[in-house]
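Structure record follows, encoded as structure tokens.
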Amino acid sequence: MTLDTVKHAAETPDTEQPWAELGLKQDEYARIRAILGRRPTGAELAMYSVMWSEHCSYKSSKVHLRQFGEKAPENDALLVGIGENAGVVDVGQNYAVTFKVESHNHPSYIEPYQGAATGIGGIVRDILAMGARPVAVMDPLRFGAADHPDTKRVLPGVVAGIGGYGNCLGLPNIGGEVVFDPCYQGNPLVNALCVGVMKHEDIHLAKASGTGNKVVLYGARTGGDGIGGVSVLASETFDSTGPAKRPAVQVGDPFQEKLLIECTLELFRENLVEGIQDLGGAGLSCATSELASAGSGGMRVELDTVPLRDATLSPEEILMSESQERMCAVVEPGKVDRFLEICEKWDVIATVIGEVTDGERLEIFWHGEQIVDVPPRTVAHEGPVYERPYARPEWQDALQSDDANRLPRPETDEELRAQVLKVISSPNQASKSWITGQYDRFVQGNTVLAQPEDSGMIRIDEETGLGVAVATDGNGRYTKLDPYAGARLALAESYRNVAATGARPLAISNCLNFGSPEDPGVMWQFAEATRGLADGCLELGTPVTGGNVSLYNQTGETAIHPTPVVAVLGVIDDVARRTPMAFSEEGQLLYLLGDTKEELGGSAWSQVVHDHLGGLPPAVDLDREKLLGEILISASRDGMIDAAHDLSDGGLVQAVAESCLRGGKGARLVVPDGLDAFTFLFSESAGRAVVAVPRSEELRFTDMCGARGLPATRIGVIDGESLDVQGHFGLPLAEVREAHEATIPALFA
Amino acid sequence: MARVVVDVMLKPEILDPQGQAVQRALPRLGFEGIADVRQGKRFELEVEGPVDDAALARIHEMAETFLANTVIEDFTVRVDS
Amino acid sequence: MARVVVDVMLKPEILDPQGQAVQRALPRLGFEGIADVRQGKRFELEVEGPVDDAALARIHEMAETFLANTVIEDFTVRVDS
Amino acid sequence: MTARVGVITFPGTLDDRDTQRAVRLAGLEPVPLWHRDKDLKQVDAVVLPGGFSYGDYLRAGAISRFSPVMETVIEQAKGGMPVLGICNGFQVLTETHLLPGAMLRNNHLHFICRDQKLRVENADTAWTADYAAGQEISVPLKNIDGRYVADERTLDELEAEGRVAFRYLDGNPNGSLRDIAGITNAAGNVVGLMPHPEHAVEPLIGTGRTDGLGFFTSLLKKLVSA
Ligand SMILES: Nc1ncnc2c1ncn2[C@@H]1O[C@H](COP(=O)(O)OP(=O)(O)O)[C@@H](O)[C@H]1O
Ligand SMILES: [Mg+2]
């Protein structure tokens, strides 16, 4: 069949095109025709269809995400904000840090190992594209029920994939989450975060400027990976005898990515890069249109020069291919030779595929014939925007009035003790070390803290000890009960985790995992959660620097719990001052910071003991979180505390058990006046942390809390080899350890 | 006892980083003239009892559901002579 | 182009936990009657030019020095029909 | 004059910069070496760091072994130059047959990352002289292909000649025969081990222990007194 050139398209306006199969709506197709003043060519149609997909265009979420900009707090630290591959934050001493979370949910369900592996690969390239050396990764994960047979397929594969890829890249994995809930059975969430470090002058942006500059594609050869629906198009416009099967699954090559990282950093060092973009979703379509759209001129690409792994690929398929481990750079003509030399040094294939033009169009040629002629902005940045209808679901009221505080509580100390063991050994509350032990947390030699600490902490300057801390959190149960509050709780928890290690929270990234935006109930959850998060960030003074949205996480009519995952990045001037979570010195005093109320809605206790989800989540007071954070940071800086652990799901008893196990020391707790033992142990009130204070610092510490108005209650002492709640029960540490650590290996090893 | 061999290879359209790494190394080691290398897995199964059609059908099913990941891999089953 | 297959298997005396893991899983999946499983590697080489004795000798050498580690592995070379 | 220690970077090496740091912290001068260069830049010793050279795609260490730099390393190692292979570097050394045996997939088939207790069995090598024989140390272990195997005769020989340099304590993490974590050649100049001493050189970082520094101070003593 003939090549569908621009000329041919103009001459054959009535040719039927498979826009619907490619996921475009009728009005979207009409809009493309209007933009171009003719029907699109096959290649153009392919580009618009992927770039206008929900995944690339954010068409359902955009109107809500705007708040992150509109409500952004004044903040001098933000060097690059939303809209680039990742946001960049000034952390002082001329260092800048970039970080971002992304999702690879669906691919990880289809092929857990490769889906998760390429999820790591993708987010690492985003960070690299900013000019930064990637220095750490994290992996917030959600799976179906822990004892469901399919979870046995998905979890080990995902964990091996994250480890397989990240370990091979030499990136320490410093934290993440593992949560089980039947709502994720057919839609596991595999979110991946990467942190990168650079000097201020090294920041790079994704834009193509400077007429005559060359466009260089480098990295892996292009194959038929992840093309999916576009093969439909290839078979319509091309000889249908070509290989019909195009894999929807991409296979990662971490070795190639490691070379790409070192090669790219060397290119940056020699100042050979004008603009740069990673190739991820939508491959070359995305990279060329985004580079051209953000730059000043146009771009001309000779598509037939792209190195291929499979010679039968059609131009449409080449444009769409999601082959991993590729980057695209804009390079001054005089620097191309040196650029190619460095690529050769690293065994990385590099090819000049085009150049920046002084026009305003993105023009793509195939063996000399023009197959694309579009205004790049219309592809990359001016896609459709939907104001999807949203409405509070009818069931929300009933859910909220099903109060968890009315659930039957343990009646005897015996029962209380049994429930403590039951909660800390439940899959969600149990130790995840069987999983995290499969990740390298030491590589690069800068890891100060890693899981199970409250946040991961990386040293970024050896001389001064400057470091950054990152935590990620999200609680789908809370968010289901109240999306607005749930998002704020996720933010609060992540913020608290960073502060607990002594770092000052600076900025936010997020991954918003929801069901179908075409369901008004889900859309309401999304609207509420984004509003909550944007308001919360304004109140805390921490701007959103970027993130990712993953929609359509649902099976049939049933959506996952709305799951905004919030990542907080903090800075610490000297990592020597970090606060670990371990209770390691006998005799130190334990203080509970914050107020404990009767708040059991969405709690771990309600899930584990009663399989219940109802009522309202704990109240959030962000001023209080801020105050708590200040206290934790000052106490760390001034050496007033030796350990800190934030309180979240599972409540106080969970936190104390974890800190005891980490330090190998027991604790004697006393239920404070005005609280019953059950509420003391299991309530999930926000804004709390437990700290270990050396006796010599007690006065100074309590004076500081008093002066600043933060409730600090002495609840016990580090002591012995058991976890005792005086007057109620005692648990030998060995029994606590067995309960906490045996669960996950028993399920998955 | 009879031996049945199941060979599992990545589908041709799927990237095979392992095979590529081997292929790229060959010229450096002085081996020319190898146009492509693919690396896969070989399972040798020792089967109790007769390897009749029923047994082979079961092994075929085993390969399809367990030994190979048919999202990305093809397999063949044969009796070892 | 001709294809030559090199099969590489762990020597019989070397513990093969991958094969064992497969074997242990089989009964749970409802597959009985497999007495032993060994897992190895299969390389498919696309050879340019004729696969004569000289070519096979070279491939044999390649297998011996590179594709297999003969401290722990045995290999076989054969032309794929 | 301080001694110069070459640290090789193969494609896919991960711990090269960390190893350079450890070398520096021990008071030696790190010299980066590139896999394509045969020239060792007149270094006094060489470290093959950890990582996944060539992705470990064929077998760990199998492809790197053939790199130009290794030609010189093999030659010089035979002439007595101190060579240390850590993790992937150890795998490269067994592939070159500078050290006997081979490394296979862990018996539990998973990557494992943990703080690992070891006993220094041989304190007479170029890299262990600063330890006492029998001393117990803890350094990070992180690998998926860490199971040391060799035939019985080789193992007996290693034992008899005192060439088992390190043994795992408190549980064998990967099924290595006779709990072997590292070995040395007969001359004591070539040493390989799976655990990572270069990741245990600073308080605060990693496990917070500095038990690994002795490898590098041992070398310094040897080179300076020589
Ligand atoms: N939930 C979100 N919050 C804030 N910014 C977001 C969110 N989702 C996406 N973004 C931002 O929108 C931009 C486009 O996202 P995306 O297309 O995923 O970028 P990339 O292709 O570089 O991964 C990015 O700057 C990203 O940070
Ligand atoms: Mg990007």
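In what follows, every chain begins at residue 1, and chains take the letters A, B, ... in the order their sequences are listed. All figures in this text were calculated on a predicted structure; none of them were measured in a lab.
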Kindly indicate, with the supporting measurements, whether the criterion side chain to side chain contact (heavy atoms under 4.5 Å, CB included) is fulfilled by A:Tyr439 and D:Lys142. CA-CA 8 Å; A:Tyr439 304 147; D:Lys142 47 192 198 91; over 6 Å; no
Name each donor-acceptor pair under 3.5 Å that joins a side chain in residues 573-584 of chain A to protein atoms two or more places apart or in another chain, with its distance.
unit_1   : atom_1 : unit_2   : atom_2 : d
A:Asp574 : OD1    : A:Ala576 : N      : 3.0
A:Arg577 : NE     : A:Ser636 : O      : 3.2
A:Arg577 : NE     : A:Arg637 : O      : 3.1

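- For the pair A:Arg459/D:Ile205, a side-chain contact is recorded, criterion being any heavy-atom separation below 4.5 Å from C-beta on.
- Applying the side-chain hydrogen bond (donor to acceptor under 3.5 Å, both in side chains) rule to D:Gln91 yields the partners D:Asn88; only residues at least two apart in sequence or on another chain are considered.
- Going from atom CZ of A:Arg441 over to atom CZ of D:Arg114 covers 10.5 Å, rounded to the nearest 0.5 Å.
- Distance CD/A:Glu262 to CG/D:Asp16: 7.0 Å, rounded to 0.5 Å.
- Heavy atoms only, all atoms of each residue included: A:Cys168 and D:Gly55 are closest at SG-CA, 4.3 Å.
- With rounding to the nearest 0.5 angstrom, the SG atom of D:Cys113 is 4.5 Å from the CZ atom of A:Phe442.
- Atom CG of A:Asp440 sits about 4.5 Å away from atom CZ of D:Phe111, to the nearest 0.5 Å.
- Of all residues in residues 443-452 of chain A, those placing a non-hydrogen atom less than 4.5 angstrom from a non-hydrogen atom of chain D are A:Val443, A:Gln444, A:Gly445, A:Asn446, A:Thr447, A:Val448.
- Looking at heavy atoms from C-beta onward, A:Trp434 lies in side-chain contact with D:His110 at the 4.5 angstrom threshold.
- Chain D forms the most heavy-atom pairs under 4.5 Å with one residue out of A:Asp253, A:Ile261, A:Leu259, and that residue is A:Asp253.
- Taking the six-membered ring wherever Trp is involved, the centroid distance between the rings of D:Tyr54 and A:Phe255 falls below 6.0 Å.
- Taking both residues in full, the closest heavy atoms of D:Leu14 and A:Lys258 are given as CD2-CE, 3.6 Å, listed atom of the first, atom of the second, then distance.
- Contact annotation for D:Thr207: both backbone and side-chain heavy atoms come within less than 4.5 Å of a heavy atom of chain A.
- Within residues 20-31 of chain D, the residues having any heavy atom under 4.5 Å from a heavy atom of chain A are, by residue number, D:Arg21, D:Arg24.
- Around atom NZ of A:Lys152, more than 12 heavy atoms belonging to other residues, nucleotides or ligands sit under 6.0 Å away.
- Listed options A:Glu257, A:Gln256, A:Met457, A:Lys345 were ranked by heavy-atom pairs under 4.5 angstrom with chain D; first place goes to A:Lys345.
- When all heavy atoms are compared, the tightest approach of A:Asn167 to D:Phe52 is O-CE1, 3.5 Å.
- A salt bridge links A:Glu344 with D:Arg36; the closest basic N to acidic carboxylate O contact falls under 4.0 Å.
- Heavy-atom pairs under 4.5 Å with chain D peak, among A:Gly170, A:Pro156, A:Gly437, A:Ala160, at A:Gly437.
- In A:Glu738, the CD atom is not crowded: 12 or fewer heavy atoms of neighbouring residues, nucleotides or ligands sit closer than 6.0 Å.
- Neither the backbone nor the side chain of D:Glu198 comes within contact range of chain A; no heavy atom of the residue lies under 4.5 Å from a heavy atom of that chain.
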